[in-house]
Structures are given as C-alpha cells and as structure tokens.
Amino acid sequence: MLDPKLLRNQPEQIAAQLRRRGFELDVEQLTRLEAERKQLQIQTQQLQSERNSSAKAIGQAKAKGEDIQPLLQAVSDLKSRLDAAEARLGELQEEINSIVMGIPNVPHETVPDGTSEEDNVEIRRWGNLPEFDFEPRDHVDLGAALGQMDFETAAKITGSRFSLLSGPLARLHRALIQFMLDLHTGEHGYTETYVPYLVNAESLRGTGQLPKFGQDLFKLEGEHEYYLIPTAEVPVTNILRNDIVDAGQMPLKYVAHTPCFRSEAGSYGKDTRGMIRQHQFEKVEMVQAVRPEESWQVLEQLTNHAETVLQKLGLPYRVVALCAGDLGFSAAKTYDLEVWLPGQQKYREISSCSNFGEFQARRMKARWRDPETGKPELLHTLNGSGLAVGRTLVAVMENYQQESGAIRVPEVLLGYMGGVEVIGSKASL
RNA sequence: GGAGGGUUGGCUGAGCGGUUGAAAGCACCGGUCUUGAAAACCGGCAUGGGUUCACGCCCAUCCAGGGUUCGAAUCCCUGACCCUCCGCCA
C-alpha cells in the first residue's frame, strides 16, 4: 500500500511513476473522492463533537440534579444526522480503500524502463556453460530414463502440473532443501522457521496477493476461509503483522522451506513440459525485515545469498534486473536469478529477490521503534528465493548429466546423499 | 464434539453507563543527585486522522461488526481468536 498522504498530496508524481510499470492511476477519480471524503469527514467530526459535548453537558446537569429535558430536546435530531453522515463516510472510505489496496508499488528509480520480460536488463553472469560431447537432454527425458521422475502417475493421482519423484532423485530433491537451509542458517545468518502452509485472507492482503490475485491461489472449502500458501513469503513476512519490533532485534532474517501451491491460472500452454511450472513445488525462502535506510543495500546482500547457492552447486547463472513493467505487484525492485538449462539452451528463472520498501509493512502494520524518534515507524521488507527447489533439481540434472543419462551429484550435496555419488549408475540402484 | 473463562497502551494489569484515552507497575526518554554508574527522587511517554504559521484544538481507536442510550472499555447480540477441563486423536 502506498502512503495515502503522498497519494493525496502528489498524485501526479505517483501516477507518473506508476505509469512506468504500466499502471494507469485515475488521478481525477481519486482526487474527487478524496475531496468528497475530506468534506464529509469534517462534517461528521463536527456532529460527533456536538454529540460529545452535549452528552457531557447532560451528564453534568444530571449530576447537579437539574432538569435535563430541555437538553435532550436540543439533541433530538442529532443522532439521525450523525448516523447518516457516518454511514456515507464509511462507504466513501471503503471505496477509497479498495482503490488504494489495488494500486501496485512504485518502482525504484534504479529500475530499468520497459514493458515486458524482453526489457529486463542483465546485470552479471557467473560460471562457464557446460560443454557436452553429446546432445544434452532435458530433465524430463533424463528423469524418465532413470525411472525416477513420473508425470503420468502424478497426473493419475491428481492431475496435470504435478510431479512424482522416487529413489535417489527424490533424495537429491530433499538434499537440495537441506543444503540450502544449512547454508543460509550457517553462513548467512538466517533463522530457520517452520510456518503454517495454510493462511488466512488477512495475511494474503498483507503481502499483496489479495485482493487482486485471488485467482492465482488455491482456496480451501469448508468452515474456514483459508488458502494454500503460494510462497513462504506470506506466512513468514506476516510474522511481523501488527507488531512493533525493537531496533535491537533488527535486521530480522528468516529462512523457511515450504511447499508452494499456485493455481497457475492463465498460464495454460506455458511450460507444460516437466517440472518447471507446477501447482505444487518446494521452495526455500529468505525474508528480511530491516531499517528503511538499509533496505537497498540488503537487497544486494540477499541477492548474493541466493547466488551463493548456485555458485556452491556449480550452476551457471545470470542476474537480471526486472524492468518496471515486469515487476510484481508489491515490489519496488527485483533481481531475478536465471540458471542455465542445457536441455533448453536457455537461462530460466530460479530465484526472485525483491525489496518491497514499506509497501507490505504499511499493509500489515509491521513497524519498528526508531531509537532516534522513539516512535514506531514502518520497517522495510525483502525476500528472495534461495532457491526454488524443483527448478534447482532440474538445473542439477541437466548440468550434471552424463552421456549414459546418469546424473553426477554435486560435491556440496554428497554429504546429504548417503553415499550416492552418481544417480543412475549401478551403484545407486 | 461438550462445558466454562478470556481479549484494555511497547509489556503486565485496574477499570460503578457520565472530564476514563483510560489507574498502577515495568520498559523507555529527559532531569536532580553522583568523580562515574546504580539506587533514590522529579518530569515526560499510545496510535491514526482532521485543522492551525504555531501553542493548541477537534475526531476516531480498549479484538471485529451490529444494537441499546442524550452518553458505552463498561450493557445486549453476532463473529474471530486465545485459554482451561472433558471427549477424540497423529
């Protein structure tokens, strides 16, 4: 949520910034509603003030034993006028609020211009692309040949966009999770958290998935209005909702592994092959809550934390700055990490690291006490995948494949693999 | 599933329907004292909104939403969440 004061006082400037990301702010409508609200609010408050003072006068008169009938007479029609004013004000505020909740974050000045993925800007590359003296296969072929990745059976159990892993490949998947958590807790200073995988609507509003993107979510039927989490960002960031954090505890750094559930509505026909785009996938997510003045520096650090995972796994990648038009709803700036997939001969997104500034914090009233002022102030939130586990598995399979179709286990994962060094060798079966 | 109890400021915790936006304690900030610190003492200290050049003034907020009333933290209804006991259970 943007600062309502800013929205009120300089709507044109904000509209210009939002236009960069392709969002058209109806300034005329907003200023009209605001003017109306203001006038109505003043009027309502005057009536309330009148009610309060007359009620007080009646109380005092009664205490002195005076006759209160004339006073009661005087306020007889106040109530109806006040009720009407309050009702209209409430409607108006609701209307304004629903508009404001639907306005995306303003892109940071360093975010490149552009309207789509095509305009994203490559920042840096790491690693050498693997060279094969055979035609590299993609993870679907590799997995099928191994007999350890089975989309048909997953479709039987549930439907499309689910996967079934087995044997050493399933273990490799788990090993990646352990490795990532150990790395972020052990070397990057994050606190491991275990969180609910079902969340309420308020939490989704806090991080920005609602009210606009309900169609991307799986919603439970039944007694409770609960949703499956689309990312750990939702439960982890909402730890701070309605909280005031002591300055001494900052920065707060959380890491969590969770499954993520996405309906992928509107992505029909896109990435239908393999594990790239699934309704259910595992992700290790880093979340930070920091002092406002630190957030831009922290975004760079957090991105580096995600990069470290790829570096340790020896997976070549590039870092891309999303252009304004490609930014997510709540983000002020985002770096995507794209890993090299030999099977597709392409870089594919494997992590997304964003600074949300105070956008999420304002929605969820996540604050910290600034020792300078002694006042509670909005903190800044950031998060990044560290990493998407399914896609990392894909990347490992494709980059570490052998001509035989076997998969060599990356060095850093050996300790998690119970002695398996090559998946698909006789020894692993 | 059954029966009770609860939700008040950063925290703990009082609160007869009428100067209660809210006692008290803790925490925090400032001051006195002290060589310094602690202790003691004095003072300050909720959030959001409106208005003012400013001092200030006004409005809202005691889980949420309705209701009763001239007036609600306080009474009534509904809901959410938490706790205790019983039952069931990984």
Side-chain angles (χ1 to χ4, degrees), chain A residues 1-9 30-31 33-101 194-206 210-211 219-220 222-227 235 238-250 252 289 291 358 361-379:
Chain A
M1 193 170 136
L2 299 178
D3 185 352
K5 251 181 214 162
L6 219 56
L7 214 44
R8 224 172 285 156
N9 297 335
L30 203 60
T31 46
L33 288 172
E34 261 306 320
E36 207 179 323
R37 190 216 95 240
K38 190 165 177 173
Q39 190 261 329
L40 199 54
Q41 184 167 335
I42 290 170
Q43 186 192 333
T44 306
Q45 290 187 353
Q46 268 168 1
L47 289 170
Q48 286 170 330
S49 178
E50 225 175 291
R51 176 202 60 196
N52 291 346
S53 53
S54 57
K56 197 172 279 186
I58 290 170
Q60 282 166 352
K62 210 172 173 183
K64 284 187 229 158
E66 296 168 2
D67 180 18
I68 59 169
Q69 272 312 314
L71 288 168
L72 288 177
Q73 207 83 58
V75 296
S76 57
D77 71 324
L78 188 60
K79 191 180 168 59
S80 59
R81 285 194 294 150
L82 181 56
D83 282 350
E86 281 179 339
R88 270 192 299 148
L89 181 61
E91 281 168 31
L92 200 53
Q93 278 171 333
E94 208 163 296
E95 189 179 349
I96 292 170
N97 187 48
S98 79
I99 290 171
V100 171
M101 286 293 277
Y194 169 78
V195 295
Y197 301 160
L198 299 178
V199 293
N200 58 34
E202 195 48 45
S203 291
L204 288 159
R205 267 191 289 275
L210 290 179
K219 185 177 181 183
L220 262 59
E223 191 184 350
H224 297 284
E225 193 195 348
Y226 289 162
Y227 299 79
N238 274 282
I239 291 172
L240 303 170
R241 177 150 54 86
N242 292 328
D243 260 4
I244 299 176
V245 179
D246 286 336
Q249 294 179 280
M250 309 251 283
L252 289 167
R291 301 175 183 225
E358 58 179 34
R362 178 171 287 108
R363 286 177 159 242
M364 65 175 93
K365 291 194 188 63
R367 297 172 295 176
W368 68 299
R369 200 171 285 282
D370 186 345
E372 302 280 316
T373 62
K375 299 269 180 204
E377 285 171 17
L378 295 173
L379 45 74

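Proteins come first, then strands; the chains are lettered A, B, ... in the order of their sequence lines, and each starts at number 1. Worth knowing before you read on, the calculation uses all heavy atoms, side chains too, and leaves out hydrogens, waters and symmetry mates.
Base-pair partner of B:rC75: B:rG67 (Watson-Crick or G-U wobble, both distances under 3.5 Å). Pair assignment for B:rC33: none, as no Watson-Crick or G-U wobble contacts are both less than 3.5 Å. Nucleotide B:rG10 is matched to B:rC26 when pairs are restricted to Watson-Crick or G-U wobble geometry with both distances under 3.5 angstrom. If you check B:rA60 for Watson-Crick or wobble pairing at under 3.5 angstrom, you find it paired to B:rU47. Across all strands shown, B:rA3 is found opposite B:rU84 as a Watson-Crick or G-U wobble partner, with both distances under 3.5 Å. For B:rA90, there is no paired nucleotide, since no Watson-Crick or G-U wobble pair has both relevant distances below 3.5 Å.
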Dump every N/O contact between nucleotides 60-64 of chain B and the protein below 3.5 Å, one line per pair.
residue	atom	partner	partner atom	Å
B:rA60	OP1	A:R51	NH2	2.5
B:rA60	OP2	A:N52	ND2	3.3

Atom pairs under 3.5 Å, N or O on each side, protein against nucleotides 8-11 of chain B: can you list them with distances?
residue	atom	partner	partner atom	Å
B:rG10	O4'	A:R369	NH2	3.2

Could you go over nucleotides 18-22 of chain B and give all protein N or O partners under 3.5 Å, atom names and distances?
residue	atom	partner	partner atom	Å
B:rG18	O6	A:K62	NZ	3.0
B:rG18	N2	A:A55	O	2.8

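Spacing between B:rC28 and B:rA39 at atom P, rounded to whole Å, works out to 10 Å. Between B:rU78 and B:rC42, the distance separating the two C1' atoms is 49 Å to the nearest Å. Going from the C1' atom of B:rA72 to that of B:rG18 covers 10 Å, rounded to whole Å. For B:rC76 and B:rG4, the P atoms lie 16 Å apart once the distance is rounded to whole Å. Across B:rU7 and B:rG44, the matching C1' atoms stand 29 Å from one another, rounded to whole Å. Comparing B:rG21 with B:rU69, their P atoms sit 22 Å apart, to the nearest whole Å. Taking the C1' atoms as reference points, B:rC82 lies 25 Å from B:rA27, given to the whole Å. Across the P atoms, B:rU20 and B:rA73 are found 13 Å apart, a figure rounded to whole Å.
Remark on RNA chain B: of its neighbouring residues A:V75 and A:I42, the 5'-side contact belongs to A:I42, judged by nearest-heavy-atom nucleotide.
Applying the side chain to side chain donor-acceptor pair (under 3.5 Å) rule to A:R37 yields the partners A:E34, A:Q41; only residues at least two apart in sequence or on another chain are considered. A search for side chain to side chain donor-acceptor pair (under 3.5 Å) contacts involving A:Q93 returns nothing, not counting sequence neighbours. Considering only residues two or more places apart in sequence or on other chains, A:E95 meets the salt bridge (Lys or Arg N to Asp or Glu O under 4.0 Å) condition with none of them. For the side chain to side chain contact (heavy atoms under 4.5 Å, CB included) test, no residue two or more places apart in sequence or in another chain qualifies with A:A57. Listed by chain and number, the residues in a side chain to side chain donor-acceptor pair (under 3.5 Å) with A:E202 are A:R205 (sequence neighbours excluded). A search for side chain to side chain contact (heavy atoms under 4.5 Å, CB included) contacts involving A:L71 returns A:I58, A:A61, not counting sequence neighbours. The ring pair (Phe, Tyr, Trp, His ring centres under 6.0 Å) test applied to A:Y227 returns no partner, not counting sequence neighbours.
Between the CG atom of A:L82 and the P atom of B:rA72 there is a distance of 10 Å, given to the nearest Å. A:L7 has its CG atom 16 Å from the C1' atom of B:rG49, to the nearest Å. Atoms CG (A:L40) and P (B:rG49) sit 18 Å apart, rounded to a whole Å. Between A:Q43 atom CD and B:rG49 atom C1' there is a gap of 17 Å when expressed in whole angstrom units. Distance A:Q93 CD to B:rG65 P: 12 Å, rounded to the nearest Å. Atom-to-atom, NZ of A:K365 to C1' of B:rG49 comes out at 13 Å; the value is rounded to the nearest Å. The distance from atom CG of A:L378 to atom C1' of B:rU47 is 12 Å, rounded to the nearest whole Å. Following rounding to the nearest Å, A:D370 (CG) and B:rC28 (C1') show an atom-to-atom distance of 14 Å.
Between the CD atom in A:E225 and the CG atom in A:N200 there is a gap of 8.5 Å [rounded to 0.5 Å]. Distance check, rounded to the nearest 0.5 Å: CG of A:L92 to OG1 of A:T44 gives 9.5 Å. Rounded to the nearest 0.5 angstrom, A:I96 CD1 and A:M101 CE are separated by 14.5 Å.
Close to B:rU47, at under 4.0 Å from its OP1 or OP2, lies a side-chain N or O of A:K375.
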Validation: residues 77-86 of chain A side-chain donor-acceptor distances under 3.5 Å, sequence neighbours left out:
residue	atom	partner	partner atom	Å
A:S80	OG	A:D77	O	3.0
A:E86	OE2	A:Q48	NE2	2.9

Would you list the atom pairs, donor with acceptor, under 3.5 Å between side chains in residues 238-249 of chain A and any protein atom, with sequence neighbours excluded?
residue	atom	partner	partner atom	Å
A:N238	OD1	A:R241	NE	2.8
A:N238	ND2	A:S203	O	2.8
A:N238	ND2	A:V234	O	2.8
A:R241	NH2	A:S203	OG	2.8
A:Q249	OE1	A:D246	N	3.4

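Base engagement by A:L72 is indicated by at least one non-hydrogen atom pair under 4.0 Å involving a base atom.
Of the candidates B:rU51, B:rU69, B:rC81, the closest approach to any side-chain atom of A:K38 belongs to B:rU51.
Listed for the A:S53 side chain is a donor-acceptor partner under 3.5 Å among the backbone atoms of A:S49.
Using the six-membered ring where Trp is involved, A:Y194 and A:Y197 have ring planes that are perpendicular, over 60° apart on the 30 and 60° scheme.
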